[in-house]
**Student:** 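Input: one structure, supplied below.
Each chain gets a letter, A, B and so on, in the order the sequences are listed, and its residues count up from 1.
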Protein chains: 2
Amino acid sequence: MTEGKHTPAKGDGAEPGRDLQHIVTSADVAREAGVSRSTVSRCLSGDRRISEATRLRVQETANRLGYHVNKIARSMNTRKSDLIGLVTSGLSDPFRVEFLDKLILAIQQSGYRPLVIDVSDPAQMGTSMMHLLQYQVAGVVVTSGSPPPEVGVHFLKRNVPVVLVNRAGRLEGADVINCDNVRGGEMAADLLLETGKTRFGFLNVKGGTFSGNVRGETFVSRLAPRLASGDISFTPLVCDSADYDGGFNAALKFLATPETAPNAIFCAKDHIALGLLDAARFELGLRIPEDIAVVGFDDIAAARQGAYQLTTVCQSATKLAEMTVDRLRQRIRGDALTDQRLILPVEMTCRRTA
Amino acid sequence: MTEGKHTPAKGDGAEPGRDLQHIVTSADVAREAGVSRSTVSRCLSGDRRISEATRLRVQETANRLGYHVNKIARSMNTRKSDLIGLVTSGLSDPFRVEFLDKLILAIQQSGYRPLVIDVSDPAQMGTSMMHLLQYQVAGVVVTSGSPPPEVGVHFLKRNVPVVLVNRAGRLEGADVINCDNVRGGEMAADLLLETGKTRFGFLNVKGGTFSGNVRGETFVSRLAPRLASGDISFTPLVCDSADYDGGFNAALKFLATPETAPNAIFCAKDHIALGLLDAARFELGLRIPEDIAVVGFDDIAAARQGAYQLTTVCQSATKLAEMTVDRLRQRIRGDALTDQRLILPVEMTCRRTA
DNA sequence: TTGTACGCGTTATCAT
DNA sequence: ATGATAACGCGTACAA
């Protein structure tokens, strides 16, 4: 029995307009070019063992008919998909956006496609990641929140690699990539100590984040000897949201009495620092860095703008993205089977705020 | 012949580790629950005509086995996908990022999933959009560049709706959604005229963009009567890139001689205006708005920050996203068959730069 | 070099 | 209310 019979007999008439709905399949191309579906498939996937004559004929027919491989169908029988899940939460955090930008590019260049999942509600993170499983993603990158440990087993079972970027790594079987928060905290402390200021502070969002907490703790450890000798003081500072407004509003409060307020402040992330700077300069009339020295973390684009010129700990979004995709590909190929924890080096970018 | 035979006989032994690779299918659930695949399918797609007893049993078995519907396979059969293509070019333009943020959220809430395509090279836009066809996307949103007209026919043929947002609408069969660039240009002109300044300018990226050009042309038209009477002058201003650095560098040049340079400037978009402001204030020592009045367009988050307080034409990213998804859904449902051109109203947000 | 036959996991259809 | 069967579009052993 020939395969042609698979194609439902359409009768003979040409119903006008029907073709508008009809999707061109490899069978259509095969029939039109007078070959089998196998041949069409082989031509378009670059199989060597095909005659130049038929290859050209098939190519031409495919173009003429407007045929495009159905990747959905293809991935059904190869049981591989080139979709990669990207878990994020909003696009309001500037550094995360810069990272996603580079990540999307890197993913595409590797022949994969990013499927974005936005988890506004952290509680829904688990179910959201399960959704990704329904799409047979080849891998997942988590850039926000921390997935509940019980999802790990589902991804492990399916051999779907998960990479956590700048997150706490409590997920079983997942790789973790972080920038060097420890070294960053130390560098911030060292730099601020050099300013000669004596009232230190660390500004972070209420409750803290994984990265922020590490940065703050290391910062304080580094100050410890001087704190012990009584040279300097330290005050933990808190803002309501981890963004510009959070830094702005918090600064209005804790800088209200500049004589006693901290004057050497390390911020958990740049965006908070920018809010702090604006509140200090424009609302409270303080001079930077004479009255207050400020150090941020991330080195987002806005940090180098003329209005801010923020001194900050720089982590490279590009390198972070490259590391992420490299690791993902190793896992997908099956090269690497054991979890890994990678650290991206950071460096201090000195501008005008400290 | 019973369906069970579909499952390949695995022999009897339990090879350790093999299950790690095996994906749980509806057949597995069916066998385990003692029902047919059809029943499993119906249970999990919420079919009413199923007994409560079996429904519960199937649900439980599915959970226990860790079964997740394979949406890829489902969409093969239903010939519908819930993927929506998002065409963008980088995540460096702040307003576009804000729009994408809201768009991704709106798409998810409608039960669809965003598949992101980044087209850095405008020349590759056509082929990139064709890639989306391979994934059987239900619709496409274009937020960057202008697709070559010939792609229109491919999407039309497949009944895949395309929505162009803030783009030139030359694509056959596509819907177009724009903010009210015309009204925006007028409002900017009116506001700057009220300042009493006399030397007007419009700052845009070299070559211009669709939106920018419309804004600028309307701006000039509105100034026309006063230009004719000789009260005021107008100078077209150009920057190399449509971002902060572009505005910054351009301003350094054309503001070099402040006595004759334009002192009432409308910028094609906020980010350019921010660069201009910083160059004027910090590099050239000019006062805003006393020496120079500036109006932007978009009302991005940074525009309301204390450092800038930019007066600007506001378009709502949220509303734009809602309009986009609404239109997309109408098209996918097949309600709307004829192209449409929608306009999002804008309003002036007065802060401190004009 | 090319064709045949089968299966990927699901849902729609028809039958019971 | 439930089961059996036929597609969906593709890649690929196997055969020729």
**Student:** Is a side-chain donor-acceptor pair under 3.5 Å present for B:S36 with B:T39?
**Tutor:** yes
**Student:** Please classify the nucleic acid contact of A:S75 as base, sugar-phosphate, or nothing, using heavy-atom distances under 4.0 Å.
**Tutor:** nothing
**Student:** Measuring centre to centre across the rings, with the benzene-like ring taken for any Trp, is A:H68 within less than 6.0 Å of B:H154?
**Tutor:** yes
**Student:** Given atom OH of A:Y135 and atom C1' of C:dT10, what is their separation to the nearest angstrom?
**Tutor:** 14 Å
**Student:** Round to a whole Å and report the spacing from CG of A:N77 to C1' of C:dC8.
**Tutor:** 6 Å
**Student:** So B:T25, base contact, sugar-phosphate only, or nothing? Heavy-atom distance under 4.0 Å.
**Tutor:** sugar-phosphate
**Student:** So if I apply the side-chain contact (heavy atoms from CB on, under 4.5 Å) rule between B:T143 and each of B:V97, B:L100, B:V87, which one comes out positive?
**Tutor:** B:L100
**Student:** Given the structure, check if the side chain of B:T78 and the base of C:dA12 hold any donor-acceptor pair shorter than 3.5 Å.
**Tutor:** no
**Student:** Between C1' on D:dC10 and NE2 on A:H68, what's the gap in Å once rounded to a whole number?
**Tutor:** 16 Å
**Student:** Among the candidates D:dA4, C:dT11, C:dG7, find the nucleotide nearest to the side-chain atoms of B:V69.
**Tutor:** C:dT11
**Student:** Can you tell me if the side-chain N/O atoms of B:S26 get under 4.0 Å from OP1 or OP2 in C:dT10?
**Tutor:** yes
**Student:** To the nearest Å, give me how far apart NZ (A:K80) and P (C:dG7) are.
**Tutor:** 20 Å
**Student:** To the nearest angstrom, how far is A:R31 atom CZ from D:dG9 atom P?
**Tutor:** 12 Å
**Student:** What is the distance from CZ of B:R37 to C1' of C:dA12, rounded to the nearest Å?
**Tutor:** 12 Å
**Student:** Phosphate oxygens OP1/OP2 of D:dA1: is one of them under 4.0 Å from a side-chain N or O of B:S51?
**Tutor:** no
**Student:** Using a heavy-atom cut-off of under 4.0 Å over every strand shown, decide if A:T54 touches base, sugar-phosphate, or nothing.
**Tutor:** sugar-phosphate
**Student:** Applying side-chain contact (heavy atoms from CB on, under 4.5 Å) between A:V58 and each of A:I50, A:N63, A:L44, report the one that passes.
**Tutor:** A:L44
**Student:** Verify the contact: side-chain N or O of B:S36 to OP1 or OP2 of D:dA4, cut-off strictly under 4.0 Å; return yes or no.
**Tutor:** no
**Student:** Can you measure A:M76 atom CE to C:dT11 atom P for me and round it to whole angstrom units?
**Tutor:** 11 Å
**Student:** Tell me which nucleotide among C:dG3, D:dC10, D:dG11 gets nearest to the side chain of A:S41.
**Tutor:** D:dG11
**Student:** Look at the side-chain N and O atoms of B:R74 and state whether any lies under 4.0 Å from the OP1 or OP2 oxygen of C:dT11.
**Tutor:** yes
**Student:** Closest to the A:S38 side chain: D:dT2, C:dA5, C:dA12?
**Tutor:** C:dA5
**Student:** Given atom CD1 of B:I72 and atom C1' of C:dT11, what is their separation to the nearest angstrom?
**Tutor:** 15 Å
**Student:** Side chains of A:R113 and A:I84: closer than 4.5 Å at any heavy-atom pair?
**Tutor:** no
**Student:** With DNA chain C as reference, determine whether B:Y67 or B:R49 sits nearer its 5' end, using the nearest nucleotide of each.
**Tutor:** B:Y67
**Student:** Looking only at the side chain of A:R79 (C-beta and beyond, no hydrogens), which of the listed nucleotides C:dT2, D:dG3, C:dC8 gets closest?
**Tutor:** C:dC8
**Student:** Has the side chain of A:R42 got a donor or acceptor that lies under 3.5 Å from a partner of the other kind on the base of C:dG3?
**Tutor:** yes
**Student:** Does one side chain, of B:Q340 or B:R327, offer a donor that lies under 3.5 Å from an acceptor on the other?
**Tutor:** yes
**Student:** Reading DNA chain D from 5' onward, which residue's closest nucleotide shows up sooner: B:R48 or A:S45?
**Tutor:** B:R48
